[in-house]
Amino acid sequence: MSNVAYERIKNNLEKLKLTKINEIIDNYLEIALKEETNIVDILDYLLDQETKFKDTRASEIQVNVAGFPYRKTLEDFEFEFQPSVDKRLVEELSTLRFVHNAENVVFLGPPGVGKTHLAIGLGITAAKNRHLTYYISCQDLISELNKAHFENQLQKKLKHYAKYKLLIIDEIGYLPMDIQGANLFFQLIAKRYEKCSTIFTSNKSFSQWGEVFSDNTIAAAILDRILHHATVVNIKG
C-alpha cells in the first residue's frame, strides 16, 4: 500500500467519523495480511467493530441523558434479601416486552424495599437498548408541570414528557398533592395512555391514592388509565 493511499484512507476514516476503524486498522491489517485474510472478511470485521462501537456509545449516551439519580442495574439487586420480589417476573420485565407493548409497571411497597432500584434498573436496561428513557420524581414532575402551567407552556411541557418511550415517575405519595397538581398529573397520564410505557413507584396502596391526589374521582381516573395495561409488583417490608 502506497503512503499516499494510506494517508487518504486515514483522512477519509476521520472525515467519515469511523473512529473505531481508524483506531484498530493498522494493527488489524498487519495481522490480516500475514494470515492472508481475504478482503471481504477484512471489511466485514472492520465494519462490525465500528457498528458495535457506535451502538455501545449510543447506548451510553441514552443512559447519561435519562436523568437517573444514580446507576443501579437489575444485576445489582439482591433478590435473596427481598424474597417478596418475584425474580422471574423482574426477568420477564427486563425483556422490555412491556415497553414494546406500551404497558405500565407499578412498584408498590414501604420505603427502603427496592422500588426505586428496580425502576432504575429497568430504565437503564431500556436506555441501553436505545429506548428514549427519562427518570423524574413525582414532586419534581408536578413542580415542572405547575411552572409550565403558570407560564402558559403546559402543552409544550406535556408534549416533552409524552415523547419518552419509557418514563419513570418515582415516589408517588411521599408528599401531598393539591387538586391542580393532580389535574396536571392526570393530563400527562392521559396523553401517554396506550402510546408509551410508564414505570411508577409508590409507598401508598391504590386504596390510598384518593388521599395522594386529594380527590377520589381524579385518583380513580388516573388508576383506570395506569392499570388498564399494567404489571403491579407488590413488595413487602
Backbone N/O of V40 and side chain of D44: donor-acceptor pair under 3.5 Å | no
Are L118 and L166 in one and the same hydrophobic cluster, where Ile, Leu, Val, Met, Phe, Trp and Tyr link if side-chain heavy atoms are under 4.5 Å apart?
-> yes
Between R88 and E92, is there a side-chain N and carboxylate O pair less than 4.0 Å apart?
-> no
Under 4.5 Å between any side-chain heavy atoms of F98 and T231, yes or no?
-> no
Side chain to side chain donor-acceptor pair (under 3.5 Å) partner of N22, the single match among E14, K10, K17, E50 = K10
To the nearest 0.5 Å, what is the distance between CD1 (I124) and CD (E75)?
-> 9.5 Å
Give the intermediate values and the outcome of side-chain contact (heavy atoms from CB on, under 4.5 Å) for residues N64 and R71.
-> CA-CA 10 Å; N64 288 337; R71 292 196 186 187; 2.3 Å; yes
Which value, rounded to the nearest 0.5 Å, describes the distance between D170 atom CG and I199 atom CD1?
-> 10.0 Å
Can a donor-acceptor pair be found between the side chains of Q139 and S137 at a distance below 3.5 Å?
-> no
No-hydrogen, no-angle side-chain donor-acceptor test under 3.5 Å, D26 and Y6 = yes
Heavy-atom side-chain proximity of F53 to E23 below 4.5 angstrom | no
In this structure, CD of Q49 is separated from CD1 of I25 (nearest 0.5 Å) by 12.5 Å
Look up atom NZ in K54 and atom CG in L18, then write down how far apart they are to the nearest 0.5 Å.
-> 5.5 Å
For F150, look at atom CZ and say whether over 12 heavy atoms of other residues, nucleotides or ligands are found less than 6.0 Å away.
-> no
Does any non-hydrogen side-chain atom of F206 lie less than 4.5 Å from one of L227?
-> yes
Is it the case that one hydrophobic cluster holds both L154 and F213, taking links as side-chain heavy atoms less than 4.5 Å apart, direct or via other members?
-> yes
Using modelled atom types only, decide if a donor and an acceptor are shared between the side chain of N104 and the backbone of I226 within a distance under 3.5 Å.
-> yes
N129 pairs by side chain to side chain contact (heavy atoms under 4.5 Å, CB included) with which of T95, V99, L96?
-> L96
In sequence, state the C-alpha distance, the side-chain angles, and the governing distance for I218 and F185, and then conclude on side-chain contact (heavy atoms from CB on, under 4.5 Å).
-> CA-CA 9 Å; I218 294 176; F185 189 89; over 6 Å; no
For the student: nearest non-hydrogen atoms of V65 and Y134, plus distance = O-CD1, 3.9 Å
Please determine if R130 and D55 form a salt bridge, counting it only when a charged side-chain N lies under 4.0 Å from a carboxylate O.
-> yes
Can you check whether T116's main-chain N or O pairs, donor with acceptor, with T201's side chain at less than 3.5 Å?
-> no
Do side-chain atoms of D224 reach the backbone of A220 as a donor and acceptor pair under 3.5 angstrom?
-> no
Are the side chains of C138 and Y174 in touch, meaning some heavy atoms are under 4.5 Å apart?
-> no
CA sep, side-chain torsions, deciding dist, call: V233, D86, side-chain contact (heavy atoms from CB on, under 4.5 Å) = CA-CA 8 Å; V233 182; D86 186 341; over 6 Å; no
Measure the CG-CG distance between N183 and L145 for me, rounded to the nearest 0.5 Å.
-> 11.5 Å
Between the main-chain N or O of Y164 and the side-chain N or O of R192, is there a donor-acceptor pair closer than 3.5 Å?
-> yes
If you measure from NZ on K87 to CD on E80, what distance do you get to the nearest 0.5 Å?
-> 8.0 Å
Do you know which two heavy atoms are closest between S202 and W209, and how far apart they sit?
-> OG-NE1, 3.5 Å
Below 4.5 Å, heavy atoms only, C-beta onward: do E211 and K204 meet side chain to side chain?
-> no
Check the pair I24, Y45 against side-chain contact (heavy atoms from CB on, under 4.5 Å), reporting the backbone distance first and the verdict last.
-> CA-CA 11 Å; I24 67 175; Y45 176 81; 4.0 Å; yes
Does K115 use its side chain to pair, donor to acceptor, with the backbone of P110 at less than 3.5 Å?
-> yes
When clusters are formed by joining ILVMFWY residues with side-chain heavy atoms under 4.5 Å apart, either directly or through shared neighbours, do V106 and Y193 land in the same one?
-> no
Going only through I, L, V, M, F, W and Y residues with side-chain contacts under 4.5 Å, is there a path from L158 to M177?
-> yes
Under 3.5 Å, side chain of T217 to main-chain N/O of D215, donor-acceptor pair present?
-> no
Apply side-chain hydrogen bond (donor to acceptor under 3.5 Å, both in side chains) to D76 and T73, showing your working.
-> CA-CA 5 Å; D76 297 328; T73 66; 3.0 Å; yes
Joint hydrophobic cluster, L184 plus L188, side-chain heavy atoms closer than 4.5 Å | yes
So does K236 have more than 12 non-hydrogen atoms from other groups sitting under 6.0 Å from NZ?
-> no
Polar side chain donor-acceptor pair, D178 to S214, under 3.5 angstrom | no
Under 3.5 Å, is there a donor-acceptor pair linking the side chains of S205 and Q208?
-> yes
